[in-house]
There are 4 protein chains.
Amino acid sequence: MASYLHYITFLCDRMNVQLNNSNSKRDAILNSTLILIKEYGFHGTPMSQIAKHANVAAGTIYHYFDSKETLIVELYIRTKDQFAEAILQGYDESKPYKDRFFKFMINQYNFYIQNEPAMVFLEQYINSPFAKNFPEKDSILFKEKVIGFFEDGIAQGYFKNVDPRLLGPTIRGTLVAAANFRLSEHMIYSDEDITEVVQIVWDGIKRQ
Amino acid sequence: MASYLHYITFLCDRMNVQLNNSNSKRDAILNSTLILIKEYGFHGTPMSQIAKHANVAAGTIYHYFDSKETLIVELYIRTKDQFAEAILQGYDESKPYKDRFFKFMINQYNFYIQNEPAMVFLEQYINSPFAKNFPEKDSILFKEKVIGFFEDGIAQGYFKNVDPRLLGPTIRGTLVAAANFRLSEHMIYSDEDITEVVQIVWDGIKRQ
Amino acid sequence: MASYLHYITFLCDRMNVQLNNSNSKRDAILNSTLILIKEYGFHGTPMSQIAKHANVAAGTIYHYFDSKETLIVELYIRTKDQFAEAILQGYDESKPYKDRFFKFMINQYNFYIQNEPAMVFLEQYINSPFAKNFPEKDSILFKEKVIGFFEDGIAQGYFKNVDPRLLGPTIRGTLVAAANFRLSEHMIYSDEDITEVVQIVWDGIKRQ
Amino acid sequence: MASYLHYITFLCDRMNVQLNNSNSKRDAILNSTLILIKEYGFHGTPMSQIAKHANVAAGTIYHYFDSKETLIVELYIRTKDQFAEAILQGYDESKPYKDRFFKFMINQYNFYIQNEPAMVFLEQYINSPFAKNFPEKDSILFKEKVIGFFEDGIAQGYFKNVDPRLLGPTIRGTLVAAANFRLSEHMIYSDEDITEVVQIVWDGIKRQ
DNA sequence: AATGAATGAGTCTTCATTCAT
DNA sequence: GATGAATGAAGACTCATTCAT
């Protein structure tokens with residue numbers, strides 16, 4: 001019997017490794033990449049710098065990511081997922097569409113303000129060759145829930161009859177502009193500020 | 001003697017391309033840079049490729065530009081100047097402000113559609129570390145005339161009371177989104193299309 | 001209790017492969033190394049690939065071999081030992097020397113044909129810096145029995161008066177060439193084929 | 001008139017560069033690669049070492065060769081070409097076939113002895129993955145003249161009826177063995193030595 | 001004994017920039 | 001002005017090896 005227990009201890013010990021401290025290094029690498037890219041851009045951020053910032057050896061990055069390209073694409077997907085989650089926070093189907101829209105917008109705006117590196121990274125990524133080379137690499141959550149929500153709005157006649165693929169970037173453009181402005185001015189943002197910006201968006205696209 | 005002439009003919013033929021009017025090489029370099037950056041990004045466009053595309057030796061680029069950085073910054077200013085000129089085309093002080101605004105918007109939209117590389121380049125540049133490292137390097141024409149026009153609009157109460165520095169990016173975001181969408185769909189753009197997009201912008205920012 | 005047994009069953013299943021007879025892992029490593037080097041060469045075969053192919057963890061290789069260099073040298077010795085054993089098969093002191101020579105040659109040829117990876121590996125090894133850096137690392141069996149046999153032939157006047165160290169590579173060269181040719185042509189090799197090749201060797205070196 | 005001469009001077013100066021010291025660097029790189037690979041093997045010879053040995057910057061190698069692989073393959077072709085030229089030296093169609101064969105063999109043997117790095121490199125190359133990956137990359141001169149000569153010998157009945165593709169490696173194997181032996185013994189090689197070795201080859205393959 | 005995540009020195013390669021012509 | 005061969009610093013990536021478990 002003792003030998004069985006010995007086995008269990010031994011073997012489970014081996015499996016524990018894979019189940020506890022999990023992805024801490026992988027996450028550290030992604031976090032460092034985000035911060036450094038925001039500051040120095042894709043090109044300006046060598047792998048060695050990412051490794052140093054993440055307190056990891058250069059080679060370690062390649063245990064988790066096939067290449068720098070892969071690392072950046074995966075960071076994009078992770079960031080967009082987090083973005084989608086932030087937008088969906090407090091979503092309440094029972095509220096009127098316009099309320100839900102404002103909630104969405106405010107969440108999005110707040111995410112930008114509170115996660116400047118994420119916003120800067122997303123904007124850089126969208127305007128980089130990556131976005132064109134890997135159009136299929138994207139957040140599923142965002143596609144289904146966020147874009148889906150706007151498609152509903154169009155289908156139900158809340159918006160001008162614009163293509164949803166046009167609507168998304170339009171909204172993004174405005175909110176990014178607003179967030180960037182607020183951040184560069186180092187202003188404290190009040191709820192009124194936010195609402196004012198969202199109002200611009202809403203006034204632009206709502207069915208008059 | 002005949003052989004000398006033969007040489008001259010042969011060799012000068014080879015040089016002909018390179019001996020015509022003044023700034024042709026400088027322009028060729030800028031044009032090639034624009035096209036290649038649109039396609040491959042800053043990082044993906046080595047100087048050697050620019051030289052080849054511009055039918056120029058690698059070293060020649062350094063007669064006209066101090067460094068790659070300088071080249072890109074100067075390309076940015078030139079492109080933004082051309083952008084401003086396009087926007088100001090047909091400007092008529094005597095028209096009502098709203099008409100002039102629509103004219104501005106339509107010009108901007110058309111410039112994007114007709115100069116995709118310029119649009120892509122400008123968007124990339126704005127979201128790159130360059131923009132933050134050289135904030136003073138920008139088109140004077142654009143600053144004075146285009147931004148000035150919007151500042152007038154705010155001062156005269158046509159727009160919501162938003163900061164002009166917020167207004168610009170907001171408008172840009174929407175028009176870029178629209179242009180990108182039209183371009184990616186390979187659609188013929190009608191005047192109605194354009195007006196519809198401009199209407200979104202106008203509805204968003206006009207004093208209600 | 002049942003769950004413990006479940007665990008044991010599950011986990012030991014996974015380990016079964018690795019817990020059977022003694023040197024199985026060491027052998028698996030050597031076998032994998034042979035196959036992979038034949039295909040990709042020394043340089044093209046990383047330790048990680050050997051580990052994967054041998055169903056073993058990367059670190060495990062270092063329980064059995066000090067370094068990659070050691071692994072390859074030991075593989076060379078093992079292979080040469082197997083080679084010598086194959087050559088000596090059916091050796092019968094009572095037969096005439098020429099008959100024994102032909103038996104040797106046919107055995108050698110058959111070993112090559114039936115163990116292509118071994119042949120390719122041996123040829124690669126002999127022409128690599130290893131052979132020069134570790135001249136003392138070699139098969140004792142081969143040295144004593146196989147080379148000894150040829151030395152006898154010279155001493156007893158069966159061969160031209162060539163140095164035995166010249167004889168060996170000469171014979172090897174011819175048989176390797178023949179084996180490679182047969183293998184590359186995917187031909188079925190008949191006894192007549194083999195004998196014909198051995199005859200070339202014999203005619204070359206026999207005292208006329 | 002003076003201006004014409006000025007042009008000629010100027011322009012021809014420019015072309016001179018490409019016609020005088022020509023390929024000296026390219027050749028230096030190839031020579032260094034040969035020597036270093038002989039000593040340390042493909043893997044053991046980094047590009048940086050080749051550059052240093054050739055008195056050239058690391059990057060310069062890439063002006064002449066696309067990659068390390070290309071460099072090695074081109075070195076192989078150049079070396080095999082030189083090999084073929086050496087073998088064909090003093091070729092005299094009017095002599096009897098056997099005499100020409102001996103001339104060929106002696107030339108080949110002498111080439112090996114006088115160009116040990118070339119011999120070692122060729123043997124390494126033939127037994128490396130390169131040879132299998134780029135079977136079409138080979139010396140045309142060698143294929144047509146040297147292999148052609150042996151094909152003639154078979155067609156005209158001088159040799160045993162063996163496939164020419166078998167004949168070549170057989171001969172090579174013997175001569176390489178002999179050359180290696182002589183070199184490793186640091187012996188002065190006499191004409192008798194050479195003839196003795198060639199006699200082994202000839203006795204092996206000649207129609208009895 | 002066995003694992004495989006982690007390491008970091010070392011490799012190939014790129015590319016902005018220089019300079020002799 | 002123009003050339004393009006040459007440079008060499010810097011980057012992405014590999015892989016033999018180690019070590020905590």
Side-chain angles (χ1 to χ4, degrees), chain A residues 10-18 20-21 25-26 43-51 55-69 71, chain B residues 14-15 17-19 22 25-26 43-52 56-69 71, chain C residues 15 18-19 22 25-26 43-52 56-69 71, chain D residues 9-18 21 25-26 43-51 55-69 71:
Chain A
F10 166 64
L11 294 171
C12 288
D13 269 0
R14 278 197 48 214
M15 314 219 83
N16 260 346
V17 186
Q18 299 158 357
N20 53 2
N21 64 338
K25 290 216 166 145
R26 194 186 140 95
H43 175 215
T45 306
M47 295 297 260
S48 55
Q49 202 188 345
I50 294 172
N55 266 320
V56 146
T60 303
I61 301 179
Y62 291 87
H63 269 286
Y64 296 104
F65 307 95
D66 283 344
S67 65
K68 192 179 186 182
E69 202 169 63
L71 166 60
Chain B
R14 281 197 46 214
M15 316 215 81
V17 192
Q18 303 152 357
L19 293 173
S22 62
K25 288 207 173 170
R26 197 187 137 93
H43 174 213
T45 306
M47 295 296 260
S48 56
Q49 203 189 344
I50 294 172
K52 199 174 295 170
V56 145
T60 303
I61 299 179
Y62 289 85
H63 274 288
Y64 296 105
F65 306 95
D66 285 345
S67 66
K68 191 180 186 183
E69 205 168 60
L71 166 59
Chain C
M15 315 216 82
Q18 304 152 355
L19 293 173
S22 61
K25 287 207 172 167
R26 196 187 138 94
H43 175 214
T45 307
M47 295 296 260
S48 58
Q49 202 189 345
I50 294 172
K52 199 175 294 171
V56 145
T60 303
I61 300 179
Y62 290 84
H63 273 288
Y64 296 104
F65 306 96
D66 285 346
S67 66
K68 190 181 187 184
E69 204 169 60
L71 165 60
Chain D
T9 309
F10 166 65
L11 295 169
C12 288
D13 270 359
R14 279 197 48 217
M15 313 218 84
N16 261 346
V17 187
Q18 299 156 357
N21 64 340
K25 291 219 166 143
R26 194 187 140 96
H43 174 214
T45 307
M47 295 298 260
S48 57
Q49 201 188 345
I50 294 173
N55 268 319
V56 146
T60 303
I61 300 179
Y62 290 86
H63 269 286
Y64 296 104
F65 307 96
D66 284 345
S67 65
K68 192 179 186 183
E69 201 170 64
L71 166 60

Spacing between I50(D) atom CD1 and dT13(E) atom P, to the nearest angstrom
10 Å
Do V56(C) and I50(C) have side-chain heavy atoms sitting under 4.5 Å apart?
no
Minimum side-chain heavy-atom gap L71(A)-M47(A) below 4.5 Å:
yes
Minimum heavy-atom separation for F65(D) to R26(D), with atom names?
CE2-NH1, 3.6 Å
For G44(B) and P46(B), the nearest pair of non-hydrogen atoms, with its separation, is O-CD, 3.3 Å
Report yes if the side chains of K68(D) and I61(D) come closer than 4.5 Å at any heavy-atom pair, otherwise no.
no
In whole Å, I'd like the distance from the CZ atom of R26(C) to the P atom of dA1(E).
12 Å
Please list, chain by chain and in numerical order, all residues satisfying side-chain hydrogen bond (donor to acceptor under 3.5 Å, both in side chains) with S67(C), sequence neighbours excluded.
T70(C)
Treating primed atoms plus P, OP1 and OP2 as sugar-phosphate and everything else as base, which nucleotides of nucleotides 13-20 of chain F get B, S or - for protein heavy atoms under 4.0 Å?
BBSSBB--
On a heavy-atom basis, which atom in H43(C) and which in H43(D) lie closest, and how many Å separate them?
CD2-CD2, 3.5 Å
Under 4.0 angstrom between K25(D) side-chain N/O and dG4(F) OP1 or OP2:
no
Select one nucleotide: of dG8(E), dT3(E), dA1(E), the one nearest the side-chain heavy atoms of A57(A).
dG8(E)
Map I61(C) and I61(A) onto DNA chain E by nearest heavy atom, then report which one ends up closer to the 5' terminus.
I61(C)
What is the distance, to the nearest angstrom, from the CZ atom on F65(B) to the P atom on dA2(F)?
12 Å
Structure string for DNA chain F in dot-bracket form, Watson-Crick and G-U at under 3.5 Å, | interchain
.||||||||||||||||||||
With a 4.0 Å cutoff (strictly under), does any side-chain N or O of Y64(A) reach OP1 or OP2 of dA5(E)?
no
Rounded to the nearest Å, what distance is computed from the CG atom of residue N55(D) to the C1' atom of nucleotide dG8(F)?
15 Å
Check: T60(D) and Y64(D) side chains under 4.5 Å, non-hydrogen atoms:
yes
